[in-house]
Amino acid sequence: MAQGRRIKSPEGNPFERGKQVRFQFEGRSLQGYDHEPLAVALMAAGVRVFGRSLKYHRPRGPVCLHGHCSGCLMRVNGVANIRTCETPCRSGMVVERQTGWPSAGLDFFRAVDLLSGERLDHHGMFTASSVLNRIAGYVVRKLSGLGAPPTADPQTPVPISRFSSDAVVIGAGAAGLSAAKTLSGCGHNVVLLEAEEHRGGRLLDGATQNGWERIRDFKEEIESVAGIEIHVKTPALAVYPGDTLQVVAGNEGKTFWISARRLIVCTGTYEQIPLFENNDLPGIFGPRAMDRLVCGYSVVPAEPVLVVGERDATLRLAGRLRELNVTLAGVVTTRTEGDALTSLKRKNVEIFQDRRIVRALGGKWLDRVELAHRSSEQSDLVLDCRACVVEAPPAPAYELAHHAGCRVSFSSQSGYLVQVNDEGQTTHGQIFAAGHIAGSDSVDAAAQSGERAGLACALSLKDDAQVRRRLESMQKG
Ligand code: FES
């Protein structure tokens with residue numbers, strides 16, 4: 001089993017490793033660190049295949065490391081379908097893979113994928129005879145599904161904590177932190193909900209310029225103003241309409257039922273993987289996942305790493321990997337200029353220009369990728385790489401705002417965005433939106449839109465000439 005590699009934690013890293021712990025993985029004792037996600041500890045230990053896909057039993061591994069895909073699902077302490085990228089290591093945990101026969105590592109049912117050609121239409125199979133159909137149903141249920149029910153009785157329901165607040169801000173990225181700070185600076189009490197363990201969103205990415213310093217500044221500023229109650233690892237689950245909005249959120253220990261006069265939604269984006277053949281092979285990551293893995297948790301899953309993308313942030317990530325002495329297979333980009341590209345060239349990173357990725361190759365983990373010229377379908381270059389970072393436009397996480405009643409609109413470039421006016425007001429009178437779900441395309445723009453929405457929200461709660469002037473001066477630019 002190839003090992004991942006742990007590197008020295010970069011300076012200023014907000015992801016601190018806790019003490020060493022040991023946990024059980026399918027009969028083996030593995031080492032991780034307190035607070036480190038299980039998925040990271042497993043990759044550091046060389047675990048490649050985390051599970052199998054439901055139908056074709058194709059190998060699965062972590063893709064996003066932000067709780068947005070299902071590549072890292074495992075059975076933890078007898079409970080199925082736990083996202084191991086969101087579950088911190090704890091001493092004595094029992095972790096198992098939950099799909100595949102006889103195991104996810106060596107799964108004979110992979111033959112379904114290899115033998116079925118282009119597709120397997122299970123809806124029309126074995127329907128001629130009812131007996132055959134029942135047998136087929138039984139076999140299919142045995143072959144597919146996501147894990148067995150929990151071994152222990154369900155826990156008693158978590159307690160509900162009810163309280164009220166002037167405003168709730170959902171998402172503690174650049175926009176949410178900025179909105180919460182602004183609102184509370186205007187004298188309103190605010191509840192800030194963050195689904196992840198750490199505040200900062202994209203500011204946590206090692207490739208975001210000065211991101212880590214800015215998180216520290218935000219932390220100090222937020223701690224210095226009264227009136228912000230922060231709950232991390234507490235995703236918002238639902239928003240119910242009414243004279244006051246009812247926001248439901250929950251974490252492991254508690255459910256929160258918050259009555260709020262206003263809501264600011266700053267839920268950011270999801271990472272996506274672009275379409276190409278075998279894009280689901282373990283070893284293929286989104287840029288933010290690789291950033292979090294290497295720059296944040298200081299674990300290199302495999303080398304050499306190929307980086308494919310156009311955005312400054314993706315090119316900066318490649319530079320960051322090189323600075324951290326990660327072996328790079330190169331960078332595939334159509335960019336011909338820009339500081340990020342120049343800096344890569346200065347670092348002697350091999351650049352493959354005008355090409356795109358058309359196919360990934362490998363059995364249970366990535367081995368190679370095939371590249372083609374932009375204008376061609378035919379691959380003309382094969383590169384050895386054991387990990388690949390591929391960029392696709394991020395998808396705005398608009399769903400919660402939409403379910404709460406805000407109108408969204410589709411653009412082919414950005415996907416679904418929440419409709420807002422210049423002040424971040426949505427089509428719902430009590431709800432504002434800021435950051436990437438409202439169209440910001442950079443961390444700085446997100447922080448500004450958070451501030452604007454915070455001011456407008458504060459004004460909607462209480463008219464104040466000073467706040468109005470501040471908002472007007474921001475609008476003028
Ligand atoms: S949900 Fe865990 S890696 Fe995507």
Side-chain H-bond candidate by donor/acceptor type, Q246 with S259, under 3.5 Å: yes
Between T269 and R202, a side-chain donor and acceptor under 3.5 Å: yes
Please collect all salt bridge (Lys or Arg N to Asp or Glu O under 4.0 Å) contacts where either partner lies in residues 36-46, sequence neighbours excluded, each pair once.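 Sorted result for residues 36-46: R6-E36.
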Within residues 183-194 or reaching into it, pairs that qualify as salt bridge (Lys or Arg N to Asp or Glu O under 4.0 Å) - sequence neighbours excluded: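 Counting only pairs at least two positions apart or across chains, no salt bridge (Lys or Arg N to Asp or Glu O under 4.0 Å) contact touches residues 183-194.
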Which side-chain hydrogen bond (donor to acceptor under 3.5 Å, both in side chains) pairs, counting each pair once, include a residue from residues 301-314, with sequence neighbours left out?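 Of all non-adjacent pairs touching residues 301-314, those that pass side-chain hydrogen bond (donor to acceptor under 3.5 Å, both in side chains) are R5-E303, E303-T327, E310-T333, E310-T334, D312-R335, T314-E391.
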Listed partners of [X] passing side-chain hydrogen bond (donor to acceptor under 3.5 Å, both in side chains), at least two apart:
X    : answer
S473 : none
D205 : R288
T208 : none

Which residues share a side chain to side chain contact (heavy atoms under 4.5 Å, CB included) with [X], sequence neighbours left out:
X    : answer
S53  : Y56, R58, R60
Q98  : L73, R75, A80, N81, L146
S442 : D444, A445
W101 : D107, F108, F109

For [X] and [Y], which heavy atoms make the closest approach, and how far apart are they?
X    : Y    : value
S449 : G435 : OG-N, 2.8 Å
V158 : G253 : CB-O, 3.8 Å
G250 : L237 : N-CD1, 3.9 Å
V21  : C89  : CG2-CB, 3.8 Å

Which donor-acceptor pairs under 3.5 Å do side chains of residues 166-174 form with protein atoms, sequence neighbours excluded?
residue : atom : partner : partner atom : Å
D166    : OD2  : N189    : N            : 3.1

Counting only heavy atoms from other residues, nucleotides and ligands, does the tally under 6.0 Å from CZ of R22 exceed 12? yes
Give a yes or no on this: more than 12 heavy atoms of other residues, nucleotides or ligands lie within 6.0 Å of atom CD of E472. yes
Spell out, as yes or no, whether a donor-acceptor pair under 3.5 Å connects the side chain of H428 to the backbone of Q430. yes
Sorted by chain and number, sequence neighbours left out, salt bridge (Lys or Arg N to Asp or Glu O under 4.0 Å) with E196 holds for R292
